[in-house]
Amino acid sequence: MRTAYTSDQIRAAELALMAKLPEGTLMGRAAAGLAAVCAGLLTGVRGRVYGSHVVLLIGSGDNGGDALYAGARLARRGARVVAVLAGSRVHEGGLAALRAVGGRATDLRVPIPEQARELILEADLVVDGLVGIGGSGALREPYATLAGLTAQASGLVVAVDVPSGVDASTGGVDGAAVRAQVTVTFGAYKNGLLIDPGARFAGAVEFVDIGLGPYLPDPGVAAPTGEDVADLLPRPGAESDKYRRGVVGIAAGSDRYTGAAVLAVGGAVRAGAGMVRFVSSAEPVRLVRARWPEAVTTIVADPLGGNPVEEVGRVQAWVLGPGLGTGAEAHAVARAVLSTQVPVLVDADGLTLIARDRGLLRRDAPTLITPHAGELSRLLGVPRERIEARRLEHVRRAAAELGVTVLLKGSTTLVAEEDRPVRVNTTGTPWLATGGTGDVLAGIAGTLLAGGLSCYDAASGAAYVHGLAARLAVRGDLAGRAEAPIAALDVAQALPEALRVL
Ligand SMILES: NC(=O)C1=CN([C@@H]2O[C@H](COP(=O)(O)OP(=O)(O)OC[C@H]3O[C@@H](n4cnc5c(N)ncnc54)[C@H](OP(=O)(O)O)[C@@H]3O)[C@@H](O)[C@H]2O)[C@@H](O)CC1
Ligand SMILES: Nc1ncnc2c1ncn2[C@@H]1O[C@H](COP(=O)(O)OP(=O)(O)O)[C@@H](O)[C@H]1O
Ligand SMILES: [K+]
């Protein structure tokens with residue numbers, strides 16, 4: 001599990017560790033690690049550090065101090081290092097170290113924006129030491145202009161600890177931010193490096209151990225690794241039969257919307273359900289049968305004329321909602337499914353139904369909801385953009401307010417349950433932004449629920465496997481091949497390979 005923390009949590013751990021060490025030790029470790037990564041990158045693109053042009057963007061805090069000491073190390077190896085001093089103060093020790101080895105400092109307090117622009121655009125390497133975990137709110141000038149210029153840099157951009165402009169605790173970005181190819185982070189991951197929109201600015205994250213581990217508190221955010229997910233996935237044993245492996249019921253599709261049902265069933269079948277029982281009206285049942293003969297189907301002609309899921313047979317978990325519709329008949333199906341005593345995953349139209357009738361969520365068995373930001377917006381009464389800007393806050397709020405497990409989809413997928421760390425998914429690809437991939441995800445998570453996983457594990461395991469399958473589908477395999485667009489069914493088809501390589 002890769003764990004991540006807020007700025008306050010990191011700062012408290014740093015204070016505890018610093019109390020035991022001579023002054024400057026931690027910054028020394030951070031700067032050494034930063035310089036090593038920068039030297040490696042410069043050697044990779046230019047063949048050597050000697051003679052390369054390095055520009056340091058320096059703010060008034062310790063983040064700038066790290067960058068200055070690292071710059072001094074690069075200067076000692078023959079790099080031509082210029083520091084752009086943007087703050088009202090500067091880390092004096094760092095500046096003296098840089099000057100001592102011939103580094104130059106250009107003071108932005110004397111306004112020379114044109115010169116800073118040229119330096120940033122033409123450097124082999126720009127090191128962003130404007131602000132780190134001490135940053136708050138949108139970047140002020142001249143930081144904002146400098147951060148904006150990094151987008152036009154022709155060389156590499158490396159962020160120190162966290163890209164300036166990204167809120168380390170939340171991943172929020174409220175204005176200009178540095179767009180880095182690499183972020184060198186110290187001591188522990190910060191939440192904002194894993195969660196969009198911040199994560200998008202961080203690029204590849206390089207971790208430098210400064211000895212903080214024993215001082216860190218319980219994390220608020222955790223990203224399962226492939227190994228973690230492999231450990232929690234159910235595997236059939238010698239004694240298994242289809243019922244013991246888990247039967248998942250899927251109540252999805254309507255005469256108007258048929259595709260979602262086919263995709264959700266596909267996700268469930270390919271993720272390894274013992275059996276899939278599918279219940280719907282005649283047309284989706286016909287299509288599901290044609291595409292997935294493995295599914296056992298039930299047609300409900302009149303959901304209002306009795307319990308619409310009574311005839312389906314026993315299941316260990318339900319998936320409710322993809323393509324279900326939102327009328328009275330769909331409501332009757334939702335009520336019947338949510339009245340059962342097994343875990344239920346609610347997605348898509350099912351979410352619209354519970355947004356209108358919260359009473360549907362009053363039940364004893366576990367419930368997992370899988371909204372995208374638009375669907376969560378209807379459930380919380382918060383604009384979609386606010387949710388996308390502050391995913392962590394809103395996924396937590398939804399879990400607390402609704403008393404269910406919440407998987408929030410989108411460019412970063414998060415899973416929240418009260419009193420547990422929010423899980424972040426690290427697989428996936430923007431190619432997943434295509435119609436129907438969410439239905440496949442619902443099917444996968446339903447299968448894992450039926451296999452006995454908790455909502456929390458089923459949701460985070462499904463997100464991981466779904467993202468991995470998508471990556472495989474995009475490239476044909478995981479080798480360095482070019483990427484191609486995918487359709488939702490390709491993701492379902494790639495699931496066995498994803499489970500094989502996990
Ligand atoms: N602690 C440790 O043990 C270790 C810490 N380490 C390093 O220290 C970093 C934290 O350093 P830090 O605490 O000095 O804060 P930092 O991120 O440099 O920024 C603070 C200054 O930025 C400014 N500022 C803030 N918001 C702004 C805005 N929106 N727009 C513009 N300016 C803004 C504000 O300046 P002011 O406005 O007061 O002039 C404030 O004073 C950490 O990320 C890591 O790199 C490592 O060496 C390892 C050991
Ligand atoms: N930019 C993105 N990067 C990574 N994954 C994405 C991105 N956009 C969407 N996704 C993923 O694609 C899936 C889309 O699901 P959803 O929004 O329910 O679409 P649909 O209803 O068409 O199935 C989700 O798993 C989501 O996390
Ligand atoms: K920074």
Side-chain angles (χ1 to χ4, degrees), residues 7 10-18 21 24-31 33-34 57-67 69-70 86-91 94 127-144 147 158-168 174-178 180 183-187 190 196 200 202 208 210-212 259-260 263-264 321-323 347-349 351 370-375 407-414 425 427-442 444 462-463 466-467 470 488 491:
S7 298
I10 303 265
R11 210 177 271 290
E14 279 173 345
L15 280 176
L17 173 59
M18 263 193 298
L21 296 169
T25 309
L26 289 191
M27 191 173 279
R29 289 178 187 169
L34 172 61
L57 305 181
I58 302 299
S60 52
D62 285 355
N63 196 249
D66 294 338
Y69 280 114
S88 49
R89 291 167 284 124
V90 61
H91 191 284
V127 179
D128 156 36
L130 290 172
V131 288
I133 59 170
S136 68
L139 285 180
R140 299 187 294 271
E141 290 300 349
Y143 293 24
V158 171
V160 181
D161 210 18
V162 59
S164 302
V166 170
D167 184 318
D174 291 334
V178 168
T183 295
V184 182
T185 206
F186 310 124
K190 285 86 197 165
D196 277 340
R200 217 178 295 148
V208 172
I210 57 169
L212 219 54
L263 293 165
D347 185 36
D349 288 342
L351 296 168
T370 56
H372 53 57
E375 288 158 342
L407 179 153
L408 173 59
K409 294 183 276 199
S411 62
T412 305
T413 292
L414 299 176
N425 188 49
T427 61
T429 153
W431 292 106
L432 267 173
T434 177
T437 51
D439 306 321
V440 175
L441 175 69
I444 303 169
H466 180 254
V491 179

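Here the structure is a predicted model, which means the values were calculated and not measured. Order of appearance sets the numbers: ligands from 1, and atoms from 1 within every ligand.
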Practice problem: For G137, take its heavy atoms, then give the atoms of ligand 1 lying under 4.0 Å from any of them. | Solution: 29 (N)

Quiz prompt | Test of proximity, A138 against ligand 1: N or O pairs below 3.5 Å | solution = yes

Quiz item: What residue and heavy atom of the protein are closest to atom 41 (O) of ligand 1, and at what distance?
Solution: R89 NH2, 3.5 Å

Quiz item: What protein heavy atom sits nearest atom 27 (O) of ligand 2, and how far off is it?
Solution: G410 N, 2.9 Å

Self-check item: Part of V440 with heavy atoms under 4.0 Å of ligand 2, whether side chain, backbone, both or neither
Solution: neither

Quiz item: Quick one: does G435 get an N or O within less than 3.5 Å of an N or O on ligand 2?
Solution: no

Practice problem: Starting from atom 49 (C) of ligand 1, locate the nearest protein heavy atom and write down its residue, its atom name and how far away it is, to 0.1 Å. | Solution: L26 CB, 3.6 Å

Quiz item: Under 4.0 Å from any heavy atom of R11, which atoms of ligand 1 are there?
Solution: 13 (O)

Practice problem: Identify which of G323, G436, G259, G428 has a heavy atom lying nearest to atom 20 (P) of ligand 2. | Solution: G436

Exercise. For the pair D66 (side chain) and G129 (backbone), establish whether a donor and an acceptor sit closer than 3.5 Å, ignoring hydrogens and angles.
Key: no

Exercise. Report the distance from atom CD1 of I58 to atom CZ of R89, rounding to the nearest 0.5 Å.
Key: 13.5 Å

Quiz prompt | M27 N/O under 3.5 Å from ligand 1 N/O | solution = no

Exercise. Mind checking whether K409 contacts ligand 2 via backbone (N, CA, C, O), side chain (CB onward), both or neither, at a 4.0 Å heavy-atom cut-off?
Key: both

Quiz item: Going by distance only, is there an N or O of I133 that falls short of 3.5 Å from an N or O of ligand 1?
Solution: yes

Quiz item: Judged by modelled atom types alone, do D196 and T412 share a side-chain donor-acceptor pair under 3.5 Å?
Solution: yes

Quiz prompt | N, O or S of T183 under 3.4 Å from the K ion (ligand 3) | solution = no

Quiz prompt | Beyond-backbone contact of H91 with D62, side-chain heavy atoms, under 4.5 angstrom | solution = yes

Quiz item: Does some non-hydrogen atom of G59 fall short of 4.0 Å from ligand 1?
Solution: no

Practice problem: Identify, for atom 8 (O) of ligand 1, the protein heavy atom at the shortest distance, and state residue, atom and that distance. | Solution: D62 CB, 3.1 Å

Quiz prompt | Distance, nearest 0.5 Å, that separates OH of Y69 from CG of L34 | solution = 13.5 Å

Quiz item: Is the K ion (ligand 3) under 3.4 Å from any N, O or S atom of G135?
Solution: no

Exercise. Number the atoms of ligand 1 from 1 as they appear, then name those within less than 4.0 Å of a heavy atom of G61, with their elements.
Key: 14 (O), 18 (O)

Quiz item: Backbone or side chain, does D161 get an N/O/S atom under 3.4 Å to the K ion (ligand 3)?
Solution: no

Exercise. Identify, for atom 37 (O) of ligand 1, the protein heavy atom at the shortest distance, and state residue, atom and that distance.
Key: R140 NH2, 2.6 Å

Exercise. With rounding to the nearest 0.5 Å, note down the distance linking CG in L351 to CD in E375.
Key: 5.0 Å

Quiz item: Got a sec: is V162 within less than 3.4 Å of the K ion (ligand 3) via an N/O/S atom?
Solution: yes

Quiz item: Considering all heavy atoms of both residues, which atom of D347 and which atom of P322 are nearest to each other, and what is their separation?
Solution: OD2-CG, 3.9 Å

Exercise. For atom 21 (C) of ligand 1, grab the closest protein heavy atom and report residue, atom and distance to one decimal in Å.
Key: S60 OG, 3.9 Å

Quiz item: Quick one: does E375 get a heavy atom under 4.0 Å from ligand 2?
Solution: no

Quiz item: Can you give me the OG-the K ion (ligand 3)-O angle for S164 and V160, to 10°?
Solution: 170°

Practice problem: Please report which non-hydrogen protein atom sits nearest to atom 19 (O) of ligand 2, along with the residue it belongs to and the distance in Å to one decimal place. | Solution: G438 N, 3.9 Å

Self-check item: Side-chain (N425) to main-chain (T413) donor-acceptor, under 3.5 angstrom
Solution: no

Quiz prompt | Protein heavy atom at shortest distance from atom 14 (C) of ligand 2 | solution = T437 OG1, 3.1 Å

Quiz item: Any idea which protein heavy atom is nearest atom 3 (O) of ligand 1, and the distance to it?
Solution: M18 CE, 3.3 Å

Quiz prompt | Smallest separation among heavy atoms of A470 and T429, with atom names | solution = CB-CG2, 3.8 Å

Practice problem: Report yes or no: does a heavy atom of G135 sit under 4.0 Å from some atom of ligand 1? | Solution: yes

Exercise. To the nearest 0.5 angstrom, please state how far the CG atom of L432 sits from the CG atom of L441.
Key: 9.0 Å

Practice problem: Might you point out which heavy atoms bring A168 and I133 nearest each other, and give the distance in Å? | Solution: CB-CG2, 4.2 Å

Quiz prompt | Nearest neighbour in protein (non-hydrogen) for atom 25 (O) of ligand 2 | solution = H466 CE1, 3.3 Å

Practice problem: Say whether, by atom type as modelled, one donor and one acceptor occur between the side chain of D161 and the main chain of F186 under 3.5 angstrom. | Solution: yes

Practice problem: Go through ligand 1 atom by atom and flag the ones less than 4.0 Å from a non-hydrogen atom of S88. | Solution: 39 (O)

Exercise. Could you tell me whether the side chain of K409 and the main chain of T370 form a donor-acceptor pair under 3.5 Å?
Key: yes

Self-check item: Heavy-atom nearest neighbour of atom 23 (C) of ligand 1 within options V131, I210, L130
Solution: V131

Quiz item: Taking both backbone and side-chain atoms of G132, is any N or O found less than 3.5 Å from an N or O belonging to ligand 1?
Solution: yes

Quiz item: If you measure from each heavy atom of R29 to ligand 1, is any distance below 4.0 Å?
Solution: no

Quiz item: What residue and atom, counting heavy atoms only, is the protein's closest point to atom 1 (N) of ligand 1, and at what distance?
Solution: E14 OE1, 2.7 Å

Practice problem: State, to 0.1 Å, how close V166 and V162 come at their nearest heavy-atom pair, and which atoms those are. | Solution: O-CG2, 4.0 Å

Quiz item: What protein heavy atom sits nearest atom 1 (N) of ligand 2, and how far off is it?
Solution: S411 CB, 3.7 Å

Quiz item: Which ligand 1 atoms are under 4.0 Å away from a heavy-atom of D161?
Solution: 42 (C), 43 (O), 44 (C), 45 (O)

Self-check item: Heavy-atom closest pair, residues V208 and R29
Solution: CG1-O, 4.1 Å

Self-check item: Heavy-atom nearest neighbour of atom 9 (C) of ligand 1 within options I58, V184, N63
Solution: N63

Self-check item: Non-hydrogen atoms of A176 and A144 that approach each other most closely
Solution: CB-O, 3.6 Å

Exercise. Please note down the angle at the K ion (ligand 3) between OD2 of D128 and OD1 of N63, to the nearest 10°.
Key: 140°

Quiz item: Which value, rounded to the nearest 0.5 Å, describes the distance between S60 atom OG and L130 atom CG?
Solution: 9.5 Å

Practice problem: Determine yes or no for a side-chain-to-main-chain donor-acceptor pair under 3.5 angstrom, with T183 supplying the side chain and A159 the backbone. | Solution: no

Quiz item: So which protein heavy atom does atom 26 (N) of ligand 1 come closest to, and at what separation?
Solution: S136 N, 3.0 Å

Quiz item: Counting heavy atoms only, which of D167, D66, L17 comes nearest to atom 45 (O) of ligand 1?
Solution: D66

Quiz prompt | T413 contact mode with ligand 2 (heavy-atom cut-off under 4.0 Å) | solution = side chain

Quiz item: In Å, rounded to the nearest 0.5 Å, how long is the span from OG1 of T185 to CD1 of I210?
Solution: 9.0 Å

Quiz item: the K ion (ligand 3) to V131: any N/O/S contact under 3.4 Å?
Solution: yes

